[in-house]
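Chain naming here is simple, since letters A, B, ... match the order of the sequence lines and numbering starts at 1 in each.
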Number of protein chains: 2
Amino acid sequence: MNIGELARAAATKVETIRYYERIGLLPAPPRTAGNYREYCATHLMRLIFTRRGRDLGFSIEQIRALLDLANQKNRSCKAVAVIAREHLAEVKRKLADLTAMQQELETIIGQCRNDTVADCRILEALAQKEGQA
Amino acid sequence: MNIGELARAAATKVETIRYYERIGLLPAPPRTAGNYREYCATHLMRLIFTRRGRDLGFSIEQIRALLDLANQKNRSCKAVAVIAREHLAEVKRKLADLTAMQQELETIIGQCRNDTVADCRILEALAQKEGQA
DNA sequence: CTTGACCCTGTAGCAACTACAGAGTTTATA
DNA sequence: TATAAACTCTGTAGTTGCTACAGGGTCAAG
């Protein structure tokens, strides 16, 4: 399997795969006579794991840690759960932030009367410090 | 007002102010004899506007556009509303993404039985392609 | 007159890619 | 067999929005 085929199989860009190799997330595969990377199913599994983790919002470092843990088969998976719960907490923090933004934006936009810029409520709202009506 | 005072007044870091100047978001102020930046109330207003926009999640380029519009006092503010609504739409997209992530993470974490790594449901879930149970 | 708190410029770093340039390789077709 | 298209290679620079130095200069207090 060359890099293009791997990329298609994991729904990833070729450059991203090379990037993962450069940062040590995906092991460097053997090369063909023409210096092409030659991947096997193990690489594909690792890459799918990585992409899935990224889709779920885990950082590269978290994924690195998860991949390390996944290789210690008879350890307890508590450390895995810790990473997952930490990430979930972070997701919840971001959700709270975004929800607050959404509400403020809706309030501000709702006040717009399509006046001239001089009386624009949106611009007025932006000119205030946080929370000031 | 020197840069440190401006920073305190707008709850911003000094380096951030210099960064905004470098990218042309905040106009370069006059300098004192000792080459210190000398700011006035106009700068403070512009910086507060910028920080407020950033807190609401607008990009630097959107803030640049909003500041430009704010200076054309007798134009209609429709263009302002367009930018705000576009940003709100983006916020909603991100909220949807994060909400999906949150749900998936909670499902995955809920399946954890604190087994060994070899049977870890979290790691299993990460090894699947998206949506596969 | 020196200590400390500030300010200056310029550059490099962060995350996680993405996008080239300029070269070599493989494969399909004429 | 030639050649063109489609791939691959390395290396480097760009993206966003800052943040963090290093190595200097300035200013006010004691």
A/Asn35 vs A/Lys13, nearer the 5' end of DNA chain C by closest nucleotide: A/Lys13
Contact under 4.0 Å: B/Arg37 side-chain N or O vs C/dT9 OP1/OP2: yes
Donor + acceptor pair across side chains of B/Arg51, B/Tyr20 (<3.5 Å): yes
Atom of A/Val117, atom of B/Ser76 and distance for their closest heavy-atom approach: CG2-O, 3.7 Å
Sugar-phosphate only, base, or nothing, as touched by B/Thr32 at under 4.0 Å among non-hydrogen atoms: nothing
Nearest-Å distance for atom pair OH/P, residues A/Tyr36 and C/dG24: 12 Å
Rounded interatomic separation in angstrom, taking CD1 from A/Ile3 and C1' from C/dG24: 15 Å
Nearest-Å distance for atom pair CZ/P, residues A/Phe58 and C/dA16: 13 Å
Considering all heavy atoms, the nearest B/Cys40-B/Met1 contact: O-CE, 3.6 Å
Touch class at under 4.0 angstrom, heavy-atom based, for A/Arg51 against every strand present: sugar-phosphate
B/Arg31 side-chain N/O to C/dT9 phosphate OP1/OP2 under 4.0 Å: yes
Heavy-atom contact window of chain A on DNA chain D, given 5' to 3' at under 4.0 Å: D/dC7 to D/dT10
Residue mapping more 5' on DNA chain D - nearest nucleotide basis, A/Glu5 or B/Glu15: A/Glu5
Rounded interatomic separation in angstrom, taking CG from A/Asp55 and P from C/dA16: 13 Å
Proximity to the side chain of B/Asn2 - top-ranked nucleotide from C/dC8, C/dC7, C/dT26: C/dC7
Sugar-phosphate, base or nothing in reach of A/Tyr20, heavy atoms under 4.0 Å: sugar-phosphate
Within 6.0 angstrom of A/Arg121 CZ, more than 12 heavy atoms from elsewhere: no
Note, A/Cys120 side chain near A/Asp115 side chain (heavy atom, < 4.5 Å): no
Value in whole Å for how far the C1' atom of C/dC7 lies from CE of B/Met1: 16 Å
Rounded distance (Å) that lies between atom P of C/dG13 and atom OH of B/Tyr19: 18 Å
Side chain to side chain donor-acceptor pair (under 3.5 Å) partners for A/Glu61, two or more places apart: A/Arg64
Atom-pair distance (CZ on A/Arg22; C1' on C/dA19), nearest Å: 12 Å
Whole angstrom value for the distance that separates C1' of C/dC6 from CD1 of B/Ile17: 14 Å
Heavy-atom check, side chain of A/Arg37 versus side chain of A/Glu21, under 4.5 Å: yes
